[in-house]
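Everything below concerns the one structure shown next.
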Amino acid sequence: MTTEYSIAKLTEMLQAKGIRPSAQRIGVLGIVANSHRHPSAEDIYSNLSKLFLSLSRTTVYNSLKTLTEKGLLRELEIESGCSRYDMAQQPAHSHFICRRCSRIYDMPMPGNLAEWMSPRFDIDSVDVTFRGLCPDCIKLIDNQSTTK
């Protein structure tokens, strides 16, 4: 999931879904598409408010709602009380959230879970989330324990 999306590509994606490509919508979609960090609405607002001084949180939330309803974004509920956003049109994948640094990683779907379920069920979405320590935090903890 390392595709970089240009303004032209983001505009094309919005127009294909019948969404007027305002600068703010392009910005919201671009942050989600290019960040690879599954940003929250607050993350998006924080980044865009530096570019659009009059941007409101309401504009960000309304844009996220529209982009999600039109199938460009997917709302992830991998943390209690905090929605995160990901591109909707991706191969099935799971997520890993580090309990120490809170970073979210895209992970391959375990085994052939999606293939096994597809012929048996009418699946709207699949959310598989692993929790634990990421490699960076494991190294940090190991280094701290060896220096004591």
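None of these values were measured; they are calculated from a predicted model.
To the nearest 0.5 angstrom, H38 atom NE2 is 14.0 Å from S102 atom OG. Between the CG atom of L10 and the CG atom of L29 there is a distance of 5.0 Å, given to the nearest 0.5 Å. Note that CG of L72 is 11.5 Å distant from OG of S63, once rounded to the nearest 0.5 Å. Taking CD1 of I7 as the reference point, atom NZ of K9 lies at 14.5 Å (rounded to 0.5 Å). Atom NE2 of residue H95 and atom CE of residue M109 lie 8.5 Å apart, to the nearest 0.5 angstrom. Remark: C98 SG to Y105 OH distance equals 6.5 Å, nearest 0.5 Å.
In this structure, L133 shares a hydrophobic cluster with I138, I141, the cluster being traced through Ile, Leu, Val, Met, Phe, Trp and Tyr side chains under 4.5 angstrom apart.
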Show which side-chain atoms of residues 19-28 pair as donor or acceptor with protein atoms under 3.5 Å away, not counting sequence neighbours.
from: S22; atom 1: OG; to: R25; atom 2: N; distance (Å): 3.2
from: R25; atom 1: NH1; to: R20; atom 2: O; distance (Å): 2.8

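Ion pair R84/D43 flagged as a salt bridge, since at least one NZ, NE, NH1 or NH2 atom sits closer than 4.0 Å to an Asp/Glu carboxylate oxygen. Ion pairing between a basic and an acidic side chain is recognised when a charged N comes within 4.0 Å of a carboxylate O; R57 and E42 show such pairing.
Across E75 and S83, no two heavy atoms sit closer than the pair OE2-OG, 2.5 Å. Heavy-atom minimum distance, A41 versus Y85: N-CE1, 4.2 Å. Shown here for R37 and R103, the closest heavy-atom pair between the two residues is NH1-NE, 3.1 Å. Between S94 and P108, the shortest heavy-atom distance links the atoms OG-O, 3.0 Å.
Applying the side chain to side chain donor-acceptor pair (under 3.5 Å) criterion to E77, with sequence neighbours excluded, gives no partner residue.
Between the side chain of N34 and the backbone N or O of Y5 there is at least one donor-acceptor pair closer than 3.5 Å.
Note on F96: it does not cluster hydrophobically with L140, by side-chain heavy-atom contacts below 4.5 Å among ILVMFWY residues.
Between L76 and T129, the closest side-chain pair of non-hydrogen atoms is not below 4.5 Å. For the pair M87 and L73, the minimum side-chain heavy-atom distance is below 4.5 Å.
For CZ of R131, the number of neighbouring non-hydrogen atoms (other residues, nucleotides, ligands) closer than 6.0 Å is greater than 12.
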